[in-house]
2 protein chains.
Amino acid sequence: MTTLKTNRLYQGDCIDILNGMPAESVDMIFADPPYNLQLGGDLLRPNNTRVDGVDDAWDRFDGFADYDTFTRAWLGACHRVLKDSGTLWVIGTYHNIFRVGTALQDLGFWVLNDVVWCKTNPMPNFRGTRFTNAHETLVWCSKGAEARYTFNYEAMKALNEGLQMRSDWTLPLCTGPERLKDDQGRKMHPTQKPESLLYRIILASSDPGDVVLDPFLGSGTSAAVAKKLGRRWIGIERDARYLVAARERIAAVEPVADVTLLRTPRKRTEPRVPFGVVVERGLLPPGSMLSDASGRWSARVRADGTIISAEHRGSIHQVGAAVQGAPACNGWTFWHMRADTGSLVPIDLLRQRVRAELAPAATVLS
Amino acid sequence: MTTLKTNRLYQGDCIDILNGMPAESVDMIFADPPYNLQLGGDLLRPNNTRVDGVDDAWDRFDGFADYDTFTRAWLGACHRVLKDSGTLWVIGTYHNIFRVGTALQDLGFWVLNDVVWCKTNPMPNFRGTRFTNAHETLVWCSKGAEARYTFNYEAMKALNEGLQMRSDWTLPLCTGPERLKDDQGRKMHPTQKPESLLYRIILASSDPGDVVLDPFLGSGTSAAVAKKLGRRWIGIERDARYLVAARERIAAVEPVADVTLLRTPRKRTEPRVPFGVVVERGLLPPGSMLSDASGRWSARVRADGTIISAEHRGSIHQVGAAVQGAPACNGWTFWHMRADTGSLVPIDLLRQRVRAELAPAATVLS
DNA sequence: CACCGAAGTGAATCATTCC
DNA sequence: GGGAATGATTCACTTCGGT
């Protein structure tokens, strides 16, 4: 149990290999486990108790019980290596995703979202017996209800051109040149995931330099995209043939050189500016009148950076909350001042001016 | 245990009432059980108004084990009354759908599809902490792997303008005049489902004259649509107040003769393509240089789909406008990239490629 | 009456830092 | 660790009132 080695591949059973890694050392896990498409397959059969000749219902339950055992084992191993601030993604279909989701919840994982990947080009249902199976489901979860986790909200919003990213993603299947082929021209891996899917996942829930682990690496999509996006990566795969293909694929990836292009700054990381500094710098003299956008409430600025309304005195946040009868209020955006043009503008403009003096950078357009 | 009475409502616990019905007598069941939302305190919108969430007693459970017990009990009762040729639909979210799906499989139900209802107008995530929860999940299943069941493939294909109906359905929430209100003008039921959703479900998986049962009737959407579509119906609801509203609603329904009237045209407008999707799909890697046609201005592509010039950062449209000092700019035609031939071509070519992949888009029932 | 802006609302597991 | 303070945060659509 030494330090974590990153940017490398492991061959073997993921449970064994995960158990050999240090606890709480990984920032994000993406897992694309076997889907249990045929029940009672070659998954994990610790002691084969299956009896020939049982009726269908029992056989089915036996199949699910085996799958559940397997699922809880690898999810438990993932739980151990995941940092408390880390998150886990699992992808699946109706064959297995209910088992996975139930296991996640029973193991204490806290579901943050289920995300549906709607395929632009799914395989049709040839026999006309069901709806075209046109989506897969991802479950995204933290280690617990109270855990802090990384969610690059602003990056996702930017990626969606200014609108919040939703839980339904429309993306094409992995086809064309992106699809790995063997030397016979046949597809190398039956369920290779598209890079666009991993791009969104990794960008959303990790930061540059973070460790991204995939316990069922397959064709290596997650590691390839992690490398491209400046993350460290770890891949585990049982099949030597897949591992060879993945290694070659990952080696060919050129990371994005400029880290500043990878990060979308978060508002919370901007320097904190007390309102008193705005007054102190003369951007708003004591005695100035403030009001909310509708002009319903007003207050006056005091020399110490507090404000006073008809009935309340305190910080811009406290008075804003008090006049509204609300539990909280962002005074920077609630309170407005009269601009030279005569219109009401939020006092947050003054904070932006103070920040611009502190750290000049490219103007962010919004 | 007499013959089945149809076109009527029952008040009481659905398990008791189902157990009083004859076995194998119902053709289709639609169930919208409590979701076990586990909400914390109040949630405030950015304007400090309160979200009217689900805080009703019927959605409170004492943990997952309690919820599982409840789920298996009512699903078991449904299994008994369902004909061998019948199918069952259950709707839920990530709070409960994994528990439901696991219980269904353990009880021997055979999953035919999971269907995602993508909402055109979901409630946003007000705190920027997760992806917008924009869908709910339906599980559709028969009584066993060998069971024969009703699936009106042609009707679904016709409803989708000649294309196979997919497993992802894009439909709006129930709002406006369709939403039942009490005499105070407040919503009658916190989770009333849209009739468009039930149209599709009932049309797909039952025939005229079939018996459609809903063990958690609520505001009565399923029974109202079943009556409209010429099916027999049975509703079970515990709350007398909901039952009164549902009875009145169902009584007002006129069955329709011509089902083809329900067909709706494909949305004609071209799908919106955020520039970020072009980056995400690898059509233009982060770090790529863009310039205008004359080469006078340039900018670089960031991982989140924004671009950055010497002085500005923002969307392709925003930065295009800013460098020109113009009020607005179509970034798709303003910005160019260097093609393999060495010539500058507009990035709109990339949007056209994405749109070509999106061509078979989802239809919207209006 | 048409048009426009303000207000309301929907199954929601909805914060972080400092002292 | 607990409590107080700061301050971040919304999309699509309907309804209603004013001009």
Side-chain angles (χ1 to χ4, degrees), chain A residues 105 109-114 141-142 144-149 151 153-154 157 160 162-167 266-270 272-276 293-294 314-318 320-321 326-335 346-348 351, chain B residues 32-56 58-61 64 91-97 117 119-137 170 172-179 181 185-187 189-194 216 218-219 364 366:
Chain A
Q105 291 173 324
F109 283 103
W110 189 248
V111 178
L112 299 168
N113 280 111
D114 60 331
C141 46
S142 66
E146 310 301 329
R148 301 282 172 83
Y149 57 93
F151 176 54
Y153 174 76
E154 291 83 1
K157 192 171 173 178
N160 198 30
L163 295 180
Q164 285 188 342
M165 187 66 79
R166 299 166 40 116
S167 58
R266 311 197 60 181
K267 287 219 174 151
R268 287 193 190 278
T269 62
E270 293 190 64
R272 202 174 72 87
V273 177
F275 180 66
S294 69
S315 74
I316 53 172
H317 314 295
Q318 290 167 333
C329 168
N330 180 346
W332 291 109
T333 52
F334 178 76
W335 293 110
I347 59 174
D348 199 45
R351 181 171 62 165
Chain B
D32 182 11
Y35 286 8
N36 188 26
L37 284 186
Q38 311 161 71
L39 300 181
D42 279 351
L43 176 62
L44 297 179
R45 301 167 192 273
N47 66 2
N48 264 327
T49 60
R50 189 179 149 275
V51 173
D52 184 13
V54 177
D55 58 354
D56 307 72
W58 49 255
D59 196 45
R60 286 197 279 271
F61 293 86
F64 283 125
I91 186 168
T93 60
Y94 65 83
H95 306 85
N96 72 322
I97 200 66
W117 166 30
K119 304 174 183 180
T120 57
N121 49 348
M123 186 159 72
N125 181 296
F126 294 116
R127 297 301 171 105
T129 54
R130 303 177 178 193
F131 299 100
T132 303
N133 215 328
H135 74 276
E136 296 192 20
T137 302
T170 302
L173 292 171
C174 179
T175 59
E178 187 186 323
R179 188 94 197 197
K181 302 280 168 49
R186 295 169 306 201
K187 57 187 176 191
H189 192 279
T191 71
Q192 183 178 343
K193 294 295 174 286
F216 304 99
S219 58
V364 175
S366 56

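Each chain gets a letter, A, B and so on, in the order its sequence line appears, and its residues count up from 1.
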S.K.: Check this one for me: any side-chain N or O of B:K119 less than 4.0 Å away from OP1 or OP2 of D:dA12?
M.R.: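 Checking D:dA12 against B:K119, no side-chain N or O comes under 4.0 Å of OP1 or OP2.
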
S.K.: Want to settle it: does A:V273 or A:Y153 sit nearer the 5' end of DNA chain D, counting the closest nucleotide to each?
M.R.: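 Of the two residues, A:V273 wins.
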
S.K.: Heavy atoms only, 4.0 Å cut-off, all strands: where does A:R351 land among base, sugar-phosphate and nothing?
M.R.: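 Since only primed, P, OP1 and OP2 atoms lie under 4.0 Å of A:R351, the category is sugar-phosphate.
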
S.K.: B:G176 near the nucleic acid: base, sugar-phosphate alone, or nothing, with a heavy-atom cut-off under 4.0 Å?
M.R.: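 B:G176: backbone/sugar contact only, no base atoms under 4.0 Å.
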
S.K.: Just call it for B:N36: base, sugar-phosphate, or nothing, with non-hydrogen atoms closer than 4.0 Å on any strand.
M.R.: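 The residue B:N36 makes no contact with any strand.
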
S.K.: Just call it for A:A328: base, sugar-phosphate, or nothing, with non-hydrogen atoms closer than 4.0 Å on any strand.
M.R.: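 Base contact.
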
S.K.: Using a 4.0 Å heavy-atom cut-off, does B:K193 contact any base of the nucleic acid, only the sugar-phosphate backbone, or nothing at all?
M.R.: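 Touches a base.
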
S.K.: Please work out if B:T93 contacts a base, only the sugar-phosphate, or nothing of the nucleic acid, heavy-atom cut-off 4.0 Å.
M.R.: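 No contact.
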
S.K.: Is the shortest side-chain N/O distance from A:H317 to OP1 or OP2 of D:dT6 below 4.0 Å?
M.R.: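 Indeed not, no polar side-chain atom of A:H317 lies that close.
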
S.K.: Write down the atom of B:F64, the atom of B:H95, and the distance for their closest heavy-atom approach.
M.R.: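 What the structure gives for the nearest pair is CE2-O, 4.0 Å.
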
S.K.: Does B:P177 reach a base, just sugar-phosphate, or nothing at all? Heavy atoms under 4.0 Å.
M.R.: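 Answer is sugar-phosphate: B:P177 comes under 4.0 Å of backbone atoms only.
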
S.K.: Using a 4.0 Å heavy-atom cut-off across all strands, classify A:S315 as base, sugar-phosphate, or nothing.
M.R.: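 Since only primed, P, OP1 and OP2 atoms lie under 4.0 Å of A:S315, the category is sugar-phosphate.
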
S.K.: Stepwise, does the side chain to side chain contact (heavy atoms under 4.5 Å, CB included) test hold for B:R179 with B:Q192?
M.R.: CA-CA 7 Å; B:R179 188 94 197 197; B:Q192 183 178 343; 4.0 Å; yes

S.K.: Between B:D52 and A:R268, which is nearer to the 5' end of DNA chain C once each is assigned its nearest nucleotide?
M.R.: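 It is B:D52, whose closest nucleotide lies nearer the 5' terminus.
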
S.K.: So B:H189 and B:W58, would you call those rings parallel, tilted or perpendicular, with 30° and 60° as cut-offs?
M.R.: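 Because their plane-to-plane angle is under 30°, the rings of B:H189 and B:W58 count as parallel.
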
S.K.: Could you tell me how far apart B:K187 (NZ) and D:dT15 (C1') are, to the nearest whole angstrom?
M.R.: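 That distance rounds to 16 Å.
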
S.K.: Out of B:D56, B:D55, B:D59, which residue meets the side-chain contact (heavy atoms from CB on, under 4.5 Å) rule with B:L37?
M.R.: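 That would be B:D59.
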
S.K.: Do B:R186 and B:D52 sit within salt-bridge range, that is, some charged N less than 4.0 Å from a carboxylate O?
M.R.: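 Looking at B:D52 together with B:R186, the answer is no, because their closest N to O distance does not fall below 4.0 Å.
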
S.K.: Just to be sure I understand the rule, does B:C174 reach a base, reach only the sugar-phosphate, or reach nothing, if contact means heavy atoms closer than 4.0 Å?
M.R.: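 The answer is nothing, as B:C174 stays clear of every strand by at least 4.0 Å.
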
S.K.: Tell me, please, the opening and closing nucleotides of DNA chain C, 5' to 3', among those with an atom under 4.0 angstrom from a non-hydrogen atom of chain A.
M.R.: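 Counting from the 5' end, contacts occupy C:dT13 to C:dT17.
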
S.K.: Please work out if B:L37 contacts a base, only the sugar-phosphate, or nothing of the nucleic acid, heavy-atom cut-off 4.0 Å.
M.R.: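 Here B:L37 touches the bases of the nucleic acid.
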
S.K.: Within 90° of 0 counts as syn, otherwise anti: where does C:dT13 fall?
M.R.: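 Glycosidic conformation of C:dT13: syn.
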
S.K.: Between A:P274 and B:T175, which residue's closest nucleotide on DNA chain D lies nearer the 5′ terminus?
M.R.: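 In this pair, the answer is A:P274.
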
